[in-house]
Q: 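Dropping a structure here in C-alpha cells format, bear with me for questions.
Every heavy atom of this structure was used, including side-chain atoms; hydrogens, water molecules and symmetry mates were not. Each chain gets a letter, A, B and so on, in the order the sequences are listed, and its residues count up from 1.
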Protein chains: 2
Amino acid sequence: MPIRPAPPRSEAELWSRARSLAGLSLAHLATDDGCTVPDKLLHAKGWVGQLLERRLGASAGSKDEPDFQALGIELKTLPVDRTGRPCESTFVCTIPLLDVAGTEFEQSRVRRKLNRVLFVIVEGSRDIPVANRRIGEPLLWSPSEQEESLLKQDWDELTGIIGRGEIESITGHLGNAMQVRPKARDSHARRRGLDEDGVVVARMPRGFYLRATFTRAILERSFVLPLP
Amino acid sequence: MPIRPAPPRSEAELWSRARSLAGLSLAHLATDDGCTVPDKLLHAKGWVGQLLERRLGASAGSKDEPDFQALGIELKTLPVDRTGRPCESTFVCTIPLLDVAGTEFEQSRVRRKLNRVLFVIVEGSRDIPVANRRIGEPLLWSPSEQEESLLKQDWDELTGIIGRGEIESITGHLGNAMQVRPKARDSHARRRGLDEDGVVVARMPRGFYLRATFTRAILERSFVLPLP
DNA sequence: TTGGATCCATTTTTGGATCCCA
DNA sequence: TGGGATCCAAAAATGGATCCAA
C-alpha cells in the first residue's frame, strides 16, 4: 500500500514531513511509494521530483498554481554534489513569448513561483547509483530583498530583449541569477513568438532557470551542510 | 492492407479521388481503411471526417494549415438529410479570444480556411445505420463575392462584440451565414479571454460555425442533388 | 563547467464533428 | 429545430528535470 498522504494543512506540517525524509535513500522512498527506481535518470528526468511530490502530498499537475496550493508553496528538488553544491540549474517556468514583454516582474509567473519554495536537497552525483542517493535537509526559502533585486534585474534585461523580438540573440550567458535556456522536446521544436517587427513567427520554446551559482548562495546563506 | 494514399499532387487528382467515392457506403470505406464502423457517432463524432482524411490522403494533424497543404484545400464532410440538405452546421475553427478583435476578415483564419473547400456529401439521417450511409458527390467551393461579403459582415459583427469583451452576450442567433457557438469538452471548460475592461479572464472556448442554411445555399447554387 | 539539447508523463488544446432538449 | 452542450484522437504545451559535448 503506497504512502500517498493528503496535502499538508500548514507550512509546519509540510516542513515536518520534509525533515522526516532527511537521510532516506531514493530506494526507500520508492518502496514506500510502490514504484521502482530507474537505473539512470536519462529516460526519467523528472522521476525524483515526481516521487517527492507524491510523498509530500503535492496537488499534482495543477497548472500555473503552486504545488501546495493552499499553502502557496512550490516544491523543487535540488541535486547536489558531494560538497553540498547544486550540480544543476533549477527550472522555473516556460516563457510566454507573446506577452512576457508587457509584464512587470512583480506580476510575473517567475515571481509567483519563487515567492516561497521548499527546496529538497538530493544527492545528485552521477557515480552514486540512483537507488542509493539520499535525501538531505529541506530548506524553505523566500527571496531576500537582495535576491529579489537580482532576479528583477535579470527579468528586466531578458524580457526586454524578448519584447524587441530578439530572443534568438539570447544565450545562456545572460543573467546573473536567472538565465534563459531552451525548454523543448528537441532543437527542432517551435512555438509562436515575435520577430523584430512584432510579427508572430515560429520560435524555439524557452524557459527561465535559476543558475546553480544562485541556488548555491541560497544554501550557503542558510548553512545547509553537505550530506555526511 | 489499408488503403492510405499519398497526398494528391493536384486539385484534379483530389477531385478525381473524391468523385470515385460517390455511392460507396461507409462500411465499404471502413473495410478499405482497415477500421471498424462505430454503431453510433455519439462516441465517435469525428469518425467520418477522419476516415475521409485518410482515404483522400490529407496530411493529418497539421496545425493551422489546410488539410491538403500543397493544394491549399480544406476538407469538410457535410452530412445531409434525404432531401439533400445539410443537417448540421459546419465547424470552421476555434476563436483566439485574445487577438481576434484586431484581425481583419481578409487576414483571418476563417477566411484562410474557407478559401477553397472540398465538401464531401455524406448521408447523415439518424435512422440510417452508420455503416449503410453513403458518400455523395463532392463539391469544390470557393466563396463567391456575395458569400464572402456575407461572411465578412458576420465576422465584423461577431469579432467586434468579442473585442469589447462582451462574448458572454453572444448567442448562436447572431450571424447570417456564420455563427459563434461553444467548442469545448463541456460547459465548464474555460480558456483565457477578455472582459469588458480588457482584462484577461476565464471564458468558455468557442468556435465559428457555418450555418446549415448557408451550406444548403451553396449546394443548391451548385445543383448538388440528393442521393438516389 | 555549463549552455544547448533533450527526456517522460500528464494536461490542455485543436481539429474532426454530432447529440439532444427546450 | 437549432443553439448550447458534448465526444474522441492526436498534437502540442507544461511541469517534472538531467544529459553531454565542447
Side-chain angles (χ1 to χ4, degrees), chain A residues 38 40-53 58 60-65 67 74-79 87-94 96 109 113 122 124 126 130 170-174 179-192 204-207 209 211-213, chain B residues 38 40-53 58 60-65 67 74-79 87-94 96 113 122 124 126 130 170-174 179-191 204-207 209 211-213:
Chain A
K40 307 169 298 179
L41 294 183
L42 171 56
H43 296 289
K45 295 188 179 182
W47 183 79
V48 179
Q50 285 152 2
L51 176 64
L52 277 150
E53 282 183 345
S62 63
K63 191 58 59 70
D64 204 19
E65 290 283 349
D67 293 308
E74 183 74 18
L75 174 66
K76 291 288 177 196
T77 56
L78 191 54
C87 48
E88 292 288 350
S89 57
T90 299
F91 172 68
V92 181
C93 59
T94 53
R109 291 166 70 192
K113 287 267 185 193
V122 185
R126 305 282 292 283
V130 177
I170 295 184
T171 75
H173 299 281
L174 291 176
Q179 61 183 169
V180 166
R181 298 219 313 283
K183 179 73 168 91
R185 177 189 322 276
D186 57 50
S187 59
H188 305 300
R190 290 292 180 271
R191 50 167 314 184
R192 300 193 312 163
M204 174 174 308
R206 294 164 197 255
Y209 296 78
R211 286 185 181 281
T213 50
Chain B
K40 306 169 298 180
L41 295 183
L42 171 56
H43 297 289
K45 295 187 178 181
W47 182 80
V48 178
Q50 286 152 1
L51 176 65
L52 277 151
E53 281 181 347
S62 62
K63 190 59 56 75
D64 205 17
E65 291 283 349
D67 294 308
E74 182 73 18
L75 174 65
K76 291 289 177 194
T77 55
L78 191 53
C87 47
E88 291 289 350
S89 57
T90 299
F91 172 69
V92 180
C93 60
T94 53
K113 287 267 186 192
V122 185
R126 305 284 292 283
V130 177
I170 295 185
T171 75
H173 299 282
L174 290 176
Q179 61 184 168
V180 167
R181 298 220 313 281
K183 179 72 167 88
R185 179 192 323 276
D186 57 50
S187 58
H188 305 300
R190 290 291 181 271
R191 51 167 316 185
M204 173 174 307
R206 295 165 197 254
Y209 296 78
R211 286 184 181 281
T213 50

Q: Could you check how far NE2 of A:His43 sits from C1' of C:dA9, rounded to whole Å?
A: 15 Å

Q: Expressed in angstrom and rounded to an integer, what is the separation of A:Arg181 atom CZ from C:dT6 atom P?
A: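 The answer, rounded to whole Å, is 13 Å.
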
Q: Name the closest nucleotide to the A:Thr77 side chain, picking from D:dA17, C:dA17, C:dT14.
A: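 The nucleotide sitting nearest to the side chain is D:dA17.
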
Q: Rounded to the nearest 0.5 Å, what separation is found between the CD atom of A:Glu65 and the CD atom of A:Glu74?
A: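 The distance works out to 10.5 Å.
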
Q: Main chain of B:Tyr209, side chain of B:Gln179: is a donor-acceptor contact present, judged purely on distance under 3.5 Å?
A: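 Side chain of B:Gln179 to backbone of B:Tyr209, a donor-acceptor pair under 3.5 Å: no, none is there.
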
Q: Would one find a side-chain N or O of B:Thr90 under 4.0 angstrom from OP1 or OP2 of C:dA17?
A: no

Q: Does a side-chain heavy-atom distance below 4.5 Å link B:Leu174 with B:Val180?
A: no

Q: Between A:Thr94 and D:dG15, does any side-chain N or O lie under 4.0 Å from OP1 or OP2?
A: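 Yes, A:Thr94 has a side-chain N/O under 4.0 Å of OP1/OP2 on D:dG15.
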
Q: For B:Cys93 and B:Leu78, take the nucleotide of DNA chain C holding the closest heavy atom to each; which residue's nucleotide lies nearer the 5' end?
A: B:Cys93

Q: Under 4.0 angstrom, heavy atoms only, what part of the nucleic acid is B:Arg206 near: base, sugar-phosphate, or nothing?
A: nothing

Q: From D:dC19, C:dG3, D:dA5, pick the nucleotide closest to the side chain of A:Leu41?
A: D:dC19

Q: At less than 3.5 Å, do the side-chain atoms of A:Lys45 and the base atoms of D:dG15 form a donor-acceptor pair?
A: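 Such a pair does not exist between side chain and base.
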
Q: Touch check for A:Gly46, heavy atoms < 4.0 angstrom, all strands: base, sugar-phosphate only, or nothing?
A: base

Q: Measuring to OP1 and OP2 of D:dC19, would you say a side-chain N or O of A:Arg126 lies under 4.0 angstrom away?
A: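 So the side chain of A:Arg126 is within the cut-off, an N or O lying under 4.0 Å from OP1 or OP2 of D:dC19.
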
Q: With heavy-atom distances below 4.5 Å as the criterion, would you say the side chains of A:Thr94 and A:Arg109 are in contact?
A: yes

Q: Any N or O donor-acceptor pair linking the side chain of A:Gln50 to the base of C:dC8 at under 3.5 Å?
A: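 Donor-acceptor pair under 3.5 Å: no.
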
Q: Map A:Asp64 and A:Gly124 onto DNA chain D by nearest heavy atom, then report which one ends up closer to the 5' terminus.
A: A:Asp64

Q: Within the 4.0 Å heavy-atom criterion, would you say A:Arg109 contacts the bases, only the backbone, or no part of the nucleic acid?
A: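 If one applies the 4.0 Å heavy-atom cut-off, A:Arg109 turns out to touch the sugar-phosphate alone, with no base involved.
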
Q: Please name the pair of heavy atoms, one in B:Thr90 and one in B:Leu78, separated by the smallest distance, quoted to 0.1 Å.
A: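 Where B:Thr90 meets B:Leu78 most closely, the heavy atoms are OG1-CD1, 3.5 Å.
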
Q: Just checking A:Ala212: base, sugar-phosphate only, or nothing, at a heavy-atom cut-off of under 4.0 Å?
A: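 Nothing: the residue A:Ala212, judged by heavy atoms under 4.0 Å, touches no strand.
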
Q: Locate the shortest heavy-atom distance separating B:Ile170 from B:Arg206; write the atom from each residue and the value.
A: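 Minimum heavy-atom separation between B:Ile170 and B:Arg206: O-NH1, 3.7 Å.
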
Q: I need the NZ-C1' distance between B:Lys76 and C:dT18, as an integer number of Å.
A: 13 Å

Q: What is the nucleic acid contact for A:Pro79, judged by heavy atoms within less than 4.0 Å: base, sugar-phosphate only, or nothing?
A: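 Result for A:Pro79 = sugar-phosphate.
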
Q: Considering every strand and a 4.0 Å limit on heavy-atom distances, what is the contact class for B:Glu65: base, sugar-phosphate, or nothing?
A: nothing

Q: Would you kindly give the OH-to-P distance between A:Tyr209 and D:dG15, to the nearest whole Å?
A: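 Taking OH of A:Tyr209 and P of D:dG15, I get 12 Å after rounding.
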
Q: Can you tell me how far P of C:dT14 sits from NZ of B:Lys113, to the nearest Å?
A: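 Computing the B:Lys113:NZ to C:dT14:P distance gives 11 Å.
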
Q: Whether A:Arg185 contacts D:dT14 is assessed here as follows: a side-chain N or O lying under 4.0 Å from the phosphate OP1 or OP2. Is that the case?
A: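 Negative; the distance criterion is not met.
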
Q: Mind calculating the distance between NE2 (A:His188) and P (C:dA5) to the nearest angstrom?
A: 9 Å

Q: Could you tell me the Watson-Crick or G-U partner of C:dG4, where both distances fall under 3.5 Å? Say none if there is no partner.
A: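 Here C:dG4 is engaged in a pair, and the nucleotide opposite it is D:dC19.
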
Q: Report the distance from atom CZ of A:Phe91 to atom C1' of C:dA5, rounded to the nearest whole Å.
A: 14 Å

Q: Classify the side chain of B:Lys183 and the base of D:dG4 as holding, or not holding, a donor-acceptor pair under 3.5 Å.
A: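 Absent.
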
Q: Give a yes/no answer on whether the side chain of A:Arg211 brings an N or O atom under 4.0 Å of OP1 or OP2 in C:dT1.
A: no

Q: Check the distance between C:dT18's P and B:Trp47's CH2 and give it to me in whole angstrom.
A: 12 Å

Q: Please determine whether a side-chain nitrogen or oxygen atom of A:Arg192 lies at a distance below 4.0 Å from atom OP1 or OP2 of D:dA12.
A: no

Q: If we ignore hydrogens and angles and just use 3.5 Å, is the side chain of A:Lys76 paired with the main-chain N or O of A:Phe91 as donor and acceptor?
A: yes

